[in-house]
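Structure first, commentary second.
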4 protein chains.
Amino acid sequence: MARGSRSAQIPDEADSKSQRTRARILDAAAHVLSVKGYAGTRLSDVADYAGLQAPAIYYYFPSREDLIEEVMFAGIADMRRHLQEALDELPDGTEPIDKILAAVDAHLRHELELSDYATASIRNSGQIPERLRTRQQKETNAYNALWLRLFSEAADAGQLRSDLEIRVALGLVLGALNWTAEWWNPRRTSVDTVVANAQSFVRAGLSPASAPARRRRGSGSRR
Amino acid sequence: MARGSRSAQIPDEADSKSQRTRARILDAAAHVLSVKGYAGTRLSDVADYAGLQAPAIYYYFPSREDLIEEVMFAGIADMRRHLQEALDELPDGTEPIDKILAAVDAHLRHELELSDYATASIRNSGQIPERLRTRQQKETNAYNALWLRLFSEAADAGQLRSDLEIRVALGLVLGALNWTAEWWNPRRTSVDTVVANAQSFVRAGLSPASAPARRRRGSGSRR
Amino acid sequence: MARGSRSAQIPDEADSKSQRTRARILDAAAHVLSVKGYAGTRLSDVADYAGLQAPAIYYYFPSREDLIEEVMFAGIADMRRHLQEALDELPDGTEPIDKILAAVDAHLRHELELSDYATASIRNSGQIPERLRTRQQKETNAYNALWLRLFSEAADAGQLRSDLEIRVALGLVLGALNWTAEWWNPRRTSVDTVVANAQSFVRAGLSPASAPARRRRGSGSRR
Amino acid sequence: MARGSRSAQIPDEADSKSQRTRARILDAAAHVLSVKGYAGTRLSDVADYAGLQAPAIYYYFPSREDLIEEVMFAGIADMRRHLQEALDELPDGTEPIDKILAAVDAHLRHELELSDYATASIRNSGQIPERLRTRQQKETNAYNALWLRLFSEAADAGQLRSDLEIRVALGLVLGALNWTAEWWNPRRTSVDTVVANAQSFVRAGLSPASAPARRRRGSGSRR
DNA sequence: AATGAATGAGTCTTCATTCAT
DNA sequence: GATGAATGAAGACTCATTCAT
């Protein structure tokens with residue numbers, strides 16, 4: 001259930017013992033948050049999970065809210081970085097629709113493989129109090145802007161069906177992706193299968209019917 | 001933000017003053033639950049929203065947990081009834097894919113127009129403690145079974161692309177629908193638009209490419 | 001466990017339906033009080049036991065405290081009346097020690113056979129708040145005065161051992177009697193046996209050793 | 001009114017500051033319990049008496065019930081230990097009746113001098129809910145068994161009047177002793193006086209009349 | 001004469017947070 | 001760096017009491 005820690009993904013984050021403890025607390029908070037929700041996240045549970053006593057958390061974070069805010073922020077911030085990197089790696093001239101499929105791949109793999117942070121961030125975005133949202137909101141907007149640009153480019157290239165409204169279509173796609181965390185069972189389906197199905201579903205769901213169902217050239221998937 | 005009360009939807013539920021108060025409390029709980037999450041739902045907030053004092057709740061429900069359990073259960077139970085009724089109304093001989101589109105219509109309209117219950121139920125299904133899940137779980141399974149049958153029939157009729165795994169595709173579709181509650185803004189998009197986009201997206205996303213994109217005959221939408 | 005109601009013992013107390021309901025509430029309160037103690041006595045339990053709803057009690061008593069006060073008062077008041085009557089029935093010239101034995105008989109039978117009131121009164125005398133004690137205190141003093149007179153007369157007649165202090169001896173005797181409610185099991189020992197043992201114990205415990213252990217002439221027991 | 005703390009009586013119980021605080025809470029609970037009764041015992045009163053805030057109690061005890069259960073248990077457990085020690089100190093060959101008198105001495109002094117625990121235990125034994133009784137019940141049975149053995153030995157030695165039933169006589173004696181806590185006023189009578197009177201009363205009350213009233217040789221009394 | 005419905009006060013309990021060590 | 005001990009604020013729940021019917 002618990003998935004990879006952030007520090008393992010991000011260079012220059014695991015240094016001194018102190019920083020490692022801090023990371024352990026963040027990871028624990030992300031995990032508890034993704035399971036219990038904002039209001040249900042108790043510092044004692046986080047501390048248990050991190051292997052220390054609750055008051056120790058205060059050595060690293062000024063308050064419960066700050067800790068949670070950082071987890072939520074890291075959730076989308078990492079997601080955005082991950083997506084940006086995936087897009088940057090695409091060769092010039094990649095078709096808009098293939099960029100979208102690459103984004104589907106990046107989003108899903110990050111959500112399912114890498115991080116309680118993503119789940120925490122996704123599940124609790126509607127429940128945290130306003131005052132914790134500022135940084136997260138900006139990052140979310142930036143993330144959505146990335147996606148929106150992809151969709152706009154696809155629309156401009158005639159690769160988006162004309163009966164779809166861009167924003168609505170984007171909401172539906174992101175929903176399909178975000179929700180996987182709720183039902184995906186790694187023992188029944190591999191991540192690869194989920195990714196492949198999602199890409200197929202999204203491509204067909206968005207593309208104009210006239211477009212011959214070209215075999216995709218692996219551009220959106222790393223394997 | 002607050003949407004229709006259950007009792008307005010369900011006949012024989014709004015009778016005596018007592019029953020109306022009980023319904024008001026349930027509606028309030030559904031609303032708070034959908035916004036604040038399981039652990040964040042305070043009886044005092046529910047009471048405020050229902051226009052009475054917190055202890056009055058105990059006149060109608062034995063405990064906070066019982067109240068919440070009933071909301072969660074009612075959430076999917078109503079959803080299932082709503083979907084079942086929508087399917088029952090379809091004319092014999094309706095194509096499998098059109099049944100799915102009708103289900104998309106029913107699901108979305110219930111979620112967006114009718115009920116905090118659905119949102120409460122959807123958002124909190126992963127957060128409530130085990131002991132509150134029994135009834136809800138059964139109902140959820142039954143609901144999913146309804147959908148699964150639709151997808152199976154579509155697959156048998158060759159109306160589902162062969163590169164899609166039924167269960168994965170279903171998860172993606174339900175995710176796209178469930179997530180709408182998170183981003184839909186009634187002031188920017190009408191429910192009809194969301195429904196139309198979702199139906200178009202789902203039809204195209206599932207159907208074999210060869211299938212000519214027939215204009216849908218309104219079978220899935222009642223308006 | 002529940003023993004006789006007061007009204008059955010006291011003439012002119014069971015009249016109209018209203019008065020019977022009032023008596024039922026008092027009896028119920030005495031019962032609950034004797035089992036749960038002062039603070040543990042809830043009006044809802046009293047109401048259950050009396051076969052009505054809690055608010056109905058307010059038709060007969062201004063408050064919980066008034067109800068309890070009346071039970072406590074009735075407890076010793078009845079006890080005193082009962083003892084007084086028993087003493088009044090004794091023939092002139094009854095020996096002081098035999099009067100004490102008659103009192104032992106009266107006290108025990110009232111406590112064990114007749115009344116939750118006595119038990120309630122005895123068990124809770126130390127726990128009720130000061131302001132409820134006034135009437136009860138006076139009655140208790142009067143009751144103790146009755147006993148004290150008996151002991152004084154016995155002392156004057158040389159029927160109390162000189163190494164006993166009157167008040168201490170009285171405390172011990174009343175303790176032996178009062179405590180029977182805590183251990184007596186009607187299925188193992190008859191009231192008659194308890195009374196006989198108590199009389200024997202008290203007579204021997206108080207009388208000067210020189211006094212030949214006369215067979216008692218039944219003066220202290222009516223059966 | 002408040003009497004000695006347990007820890008003062010029991011070696012190896014007053015150690016670290018933490019243990020002393022725990023002991024203070026127990027002492028306070030015993031005191032409140034002996035005055036207010038089971039249902040009337042508020043954690044806030046206990047906390048006041050112990051000189052801390054109510055929630056601090058939860059640092060030492062999992063719940064109000066656990067705290068009370070421990071007080072009740074300690075009440076008789078200490079009593080039994082105290083009695084056992086007193087009996088163990090008696091020289092071999094002590095007459096059965098003198099053992100009983102020694103037990104009277106031990107019981108009374110513990111009850112009057114040492115402990116709110118005894119009073120709490122005695123007064124509330126009938127009022128606490130079943131689930132708190134398990135340990136206490138066992139200890140009470142063991143305590144009563146000690147006394148019963150003493151009475152049996154006395155009966156076997158012909159030192160108990162034949163018109164007394166052992167169990168009834170024991171009930172009367174323990175009642176006389178237990179009840180002293182209800183009336184004893186240290187400003188009017190010394191503990192020694194109460195003990196002396198009780199021993200005299202019990203010896204005479206139990207012994208066969210034929211037995212010449214030997215002067216007791218102080219075996220049962222410390223003076 | 002009695003009840004259904006509701007409330008206000010109070011109690012237990014949890015939990016973030018502090019602080020001395 | 002971390003913990004044991006403690007606190008204040010808040011929340012669920014109980015219960016005596018009220019009031020309209």
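In the text below, chain A, chain B and the rest are named by the order of the sequence lines, each starting its count at 1.
Every side chain to side chain contact (heavy atoms under 4.5 Å, CB included) that A:Glu65 has, sequence neighbours left out, goes to A:Tyr38, A:Ser63, A:Arg131, A:Leu132.
Between D:Leu33 and D:Gln127, every side-chain heavy-atom pair lies at or beyond the 4.5 Å cut-off. With a 4.5 Å cut-off on side-chain heavy atoms, D:Ser18 and D:Tyr60 count as touching.
Mapping D:Ala54 and B:Thr41 onto DNA chain F via the closest heavy atom, the residue that lands nearer the 5' end is D:Ala54. Of the residues near DNA chain E, D:Pro62 and C:Leu52, the one whose nearest nucleotide (by heavy atom distance) lies more toward the 5' end is C:Leu52. Mapping D:Arg42 and B:Ile57 onto DNA chain E via the closest heavy atom, the residue that lands nearer the 5' end is B:Ile57.
To the nearest angstrom, P of F:dA12 lies 9 Å from CD1 of B:Ile68. As rounded to whole Å, 9 Å separates atom C1' of E:dA6 from atom CD of B:Gln53. With rounding to whole Å, B:Tyr58 atom OH is found 9 Å from F:dT14 atom C1'. The CG atom of A:Asp45 sits 12 Å away from the C1' atom of E:dT14 (whole-angstrom rounding). Between the CZ atom of C:Phe61 and the C1' atom of F:dT18 there is a distance of 19 Å, rounded to whole Å. A:Arg24 has its CZ atom 12 Å from the C1' atom of F:dG1, to the nearest Å. E:dG4 atom P lies 12 Å from atom OH of B:Tyr60, rounded to whole Å. Atom CZ of C:Arg20 is separated from atom P of E:dA1 by 12 Å (rounded to the nearest Å).
Under 4.0 angstrom from either OP1 or OP2 of E:dA1 there lies no side-chain N or O belonging to C:Thr21. In terms of phosphate contacts, A:Lys17 brings a side-chain nitrogen or oxygen within less than 4.0 Å of OP1 or OP2 of F:dA2. Considering only side-chain N and O atoms, D:Tyr59 lies nowhere under 4.0 angstrom from the phosphate OP1 or OP2 of F:dA6.
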**OP:** Whenever both distances are under 3.5 Å in a Watson-Crick or G-U wobble pair, mark it; put DNA chain F into dot-bracket that way, with [ ] for crossing pairs and | when the partner is on another strand.
**Re:** .||||||||||||||||||||

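Closest to the A:Ser18 side chain, of the nucleotides E:dT14, F:dG1, F:dA12, is F:dG1. For B:Pro55, counting side-chain heavy atoms from C-beta on, the closest listed nucleotide (E:dT17, E:dA9, E:dA2) is E:dA9. Distances were taken from every side-chain heavy atom of C:Ala56 (C-beta onward) to each of F:dA12, F:dA2, E:dA2; the shortest belongs to E:dA2.
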Original post:
Can you list the steps and then say if D:Leu67 with D:Leu43 is a side-chain contact (heavy atoms from CB on, under 4.5 Å)?
Top reply: CA-CA 10 Å; D:Leu67 169 58; D:Leu43 287 189; 4.1 Å; yes

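For the side chain to side chain donor-acceptor pair (under 3.5 Å) criterion with B:Glu69, the lone passing option out of B:Arg135, B:Gln136, B:Arg133, B:Arg64 is B:Arg135.
Between the side chain of A:Ser121 and the backbone N or O of A:Met72, at least one donor-acceptor pair lies under 3.5 Å.
At a cut-off of 3.5 Å, with distance as the only test, no side-chain donor of A:Tyr49 or A:Asp27 sits close to an acceptor on the other residue.
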